[in-house]
Amino acid sequence: MKTLSENKCYGGVQGVYSHPSAACNCEMTFGLFLPEEAIDGPVPVLWFLSGLTCTHENAMVKAGAQAWAAEQGIALVFPDTSPRGEDVANDAAYDLGQGAGFYVNASQSPWAPHYNMWDYLADELPALIFENFALDVDRQAISGHSMGGHGALTLAMALPETFRSVSAFAPIANPSASDWGQKQLSAYLGADADWSKHDASLQMAAVGFEGPVLIDQGTEDQFLDLLMPETLAQAMAARRQNGQFRLQKGYDHSYFFIATFMEDHIAFHAEALYA
């Protein structure tokens with residue numbers, strides 16, 4: 001693992017690191033904020049998964065999360081959204097290929113050699129950071145935005161023993177029925193594959209989540225028809241899921257929306273992480 005940068009931040013340290021990934025067969029980069037409390041021992045962890053076109057840097061720089069995480073004594077992990085490199089398959093469209101890993105393990109050519117973001121986030125990156133930093137493996141939560149909200153929800157429901165709480169900002173809620181999902185899941189997994197594991201609405205209906213859930217969706221989101229939030233809200237209601245689904249009047253899909261409600265989300269996770 002290489003240290004690319006470390007900066008003092010709200011009493012703690014905001015670092016950026018890279019490492020060779022066996023899962024993605026390339027060099028991967030992630031950001032990690034450690035609050036001041038990490039000097040004295042392991043601290044709780046909140047994972048934040050970003051959306052289409054993003055790298056580890058977008059949420060790290062734009063979400064304003066470090067201030068609230070420092071207040072709660074929580075570490076933040078900002079993974080990248082896909083494998084990268086000259087030999088990594090890509091596409092001219094912004095919503096497929098590099099920057100658009102969709103948090104799945106690809107089985108189709110030309111994606112399969114590198115696009116294994118599910119294994120990377122479920123196994124490889126956690127093993128690396130818990131070995132190298134003062135983090136509490138028993139106190140983890142996960143959040144994300146858009147494609148990252150999709151990833152956060154599906155990972156949380158598949159790994160309930162790992163995450164105590166899950167939240168999302170404007171998640172891609174029903175990808176198997178949306179153009180933001182059908183295109184990518186067909187490319188990565190194949191048109192005839194079972195996509196249900198990677199659809200938050202279907203997983204909410206099938207298994208739900210043992211911990212609390214918080215979803216924020218802007219009413220003026222320019223991608224509302226692609227996100228299909230109503231399917232997730234209906235699945236949560238039908239299941240009587242312990243959670244909140246909030247429509248935020250006038251907000252769009254941008255990081256201004258995320259930054260506005262980030263304090264709420266970190267406080268929500270802190271309650272679960274310190275319970």
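Values in this document were obtained by computation on a predicted structure and should not be read as measured data. Quick note: numbers below take in every heavy atom, side chains included, and nothing from hydrogens, waters or symmetry partners.
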Fit a plane to each ring of Phe48 and Phe169, take the angle between them on a 0 to 90° scale, and name the class: parallel (under 30°), tilted (30 to 60°) or perpendicular (over 60°).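 Rings of Phe48 and Phe169: tilted, 30 to 60°.
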Any idea how His19 and Phe30 line up, ring-wise: parallel (<30°), tilted (30 to 60°), or perpendicular (>60°)?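 Perpendicular: the ring planes of His19 and Phe30 meet at over 60°.
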N/O donor-acceptor pair under 3.5 Å between [X] side chain and [Y] backbone:
X	Y	result
Tyr10	Trp68	no
Glu124	Ala23	yes
Asn58	Ser50	no
Arg239	Val207	yes
Glu220	Tyr251	no
Ser18	Thr29	no
Asp199	Leu202	yes

Going by an N to O cut-off under 4.0 Å, is there a salt bridge joining Asp264 and Arg246?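 Yes.
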Shortest non-hydrogen contact between [X] and [Y], atoms and distance:
X	Y	value
Gly190	Trp195	O-NE1, 3.0 Å
Pro79	Leu49	CG-CD2, 3.8 Å
Pro42	Asp136	CB-N, 3.8 Å
Ser146	Gly51	CB-CA, 4.4 Å
Gln182	Ser176	NE2-O, 3.1 Å
Ala122	Leu159	CB-CD1, 3.9 Å

[X], [atom1]: over 12 other non-hydrogen atoms inside 6.0 angstrom:
X	atom1	value
Phe256	CZ	no
Glu36	CD	no
Glu57	CD	no
Glu271	CD	no
Asp179	CG	no

Side-chain donor-acceptor pair present, [X], [Y], cut-off under 3.5 Å:
X	Y	value
Gln248	Asp216	yes
Gln14	Gln66	yes
His198	Thr154	no
Gln217	Asp221	yes

Say whether [X] and [Y] are linked into one hydrophobic cluster, either directly or through other cluster members, by side-chain heavy-atom distances under 4.5 angstrom.
X	Y	answer
Phe78	Tyr103	no
Val43	Ile142	yes
Met1	Phe33	no
Phe163	Tyr274	no
Ile266	Val61	yes

Is the shortest side-chain heavy-atom distance between [X] and [Y] below 4.5 Å?
X	Y	result
Glu27	Ser21	no
Gln184	Leu189	no
Leu153	Leu232	yes
Trp111	Leu96	yes
Ile215	Pro229	no
Lys197	Trp118	yes
Leu128	Tyr120	no
Gln241	Met204	yes

Do any pairs count as a salt bridge (Lys or Arg N to Asp or Glu O under 4.0 Å) and have a residue in residues 83-109, sequence neighbours left out, and if so which ones?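 Checked against salt bridge (Lys or Arg N to Asp or Glu O under 4.0 Å) - neighbours excluded - the pairs reaching residues 83-109 are Asp80-Arg84, Asp95-Lys183.
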At what distance, to the nearest 0.5 angstrom, does [atom1] of [X] lie from [atom2] of [Y]?
X	Y	atom1	atom2	answer
Arg164	His269	CZ	NE2	13.0 Å
Phe245	Glu230	CZ	CD	8.0 Å
Ile172	Leu226	CD1	CG	8.0 Å
Phe102	Met147	CZ	CE	6.5 Å
Met117	Thr81	CE	OG1	6.5 Å
Phe268	Leu273	CZ	CG	9.5 Å

Run the side chain to side chain contact (heavy atoms under 4.5 Å, CB included) check on Met228 and Asp225 step by step: do they pass? CA-CA 6 Å; Met228 301 182 70; Asp225 290 342; over 6 Å; no
Evaluate side chain to side chain contact (heavy atoms under 4.5 Å, CB included) for Val213 paired with Asn242, printing each intermediate quantity in order. CA-CA 6 Å; Val213 177; Asn242 172 18; over 6 Å; no
Leu76 vs Trp47, side chain to side chain contact (heavy atoms under 4.5 Å, CB included): CA-CA, chis, key distance, verdict: CA-CA 6 Å; Leu76 300 168; Trp47 297 77; over 6 Å; no
Could you walk me through whether Leu34 and Leu135 pass the side chain to side chain contact (heavy atoms under 4.5 Å, CB included) test, one step at a time? CA-CA 9 Å; Leu34 286 174; Leu135 304 172; 3.6 Å; yes
Got a sec, which pairs hit ring pair (Phe, Tyr, Trp, His ring centres under 6.0 Å) with one end in residues 124-149, sequence neighbours left out?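 Qualifying pairs: Tyr17-Phe133, His145-His253, His145-Tyr255.
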My understanding is that only residues two or more places apart in sequence, or in another chain, count here; which of them pass side-chain contact (heavy atoms from CB on, under 4.5 Å) with Val88?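 By the side-chain contact (heavy atoms from CB on, under 4.5 Å) rule, Val88 matches Cys26, Pro83, Gln98, His114, Tyr115.
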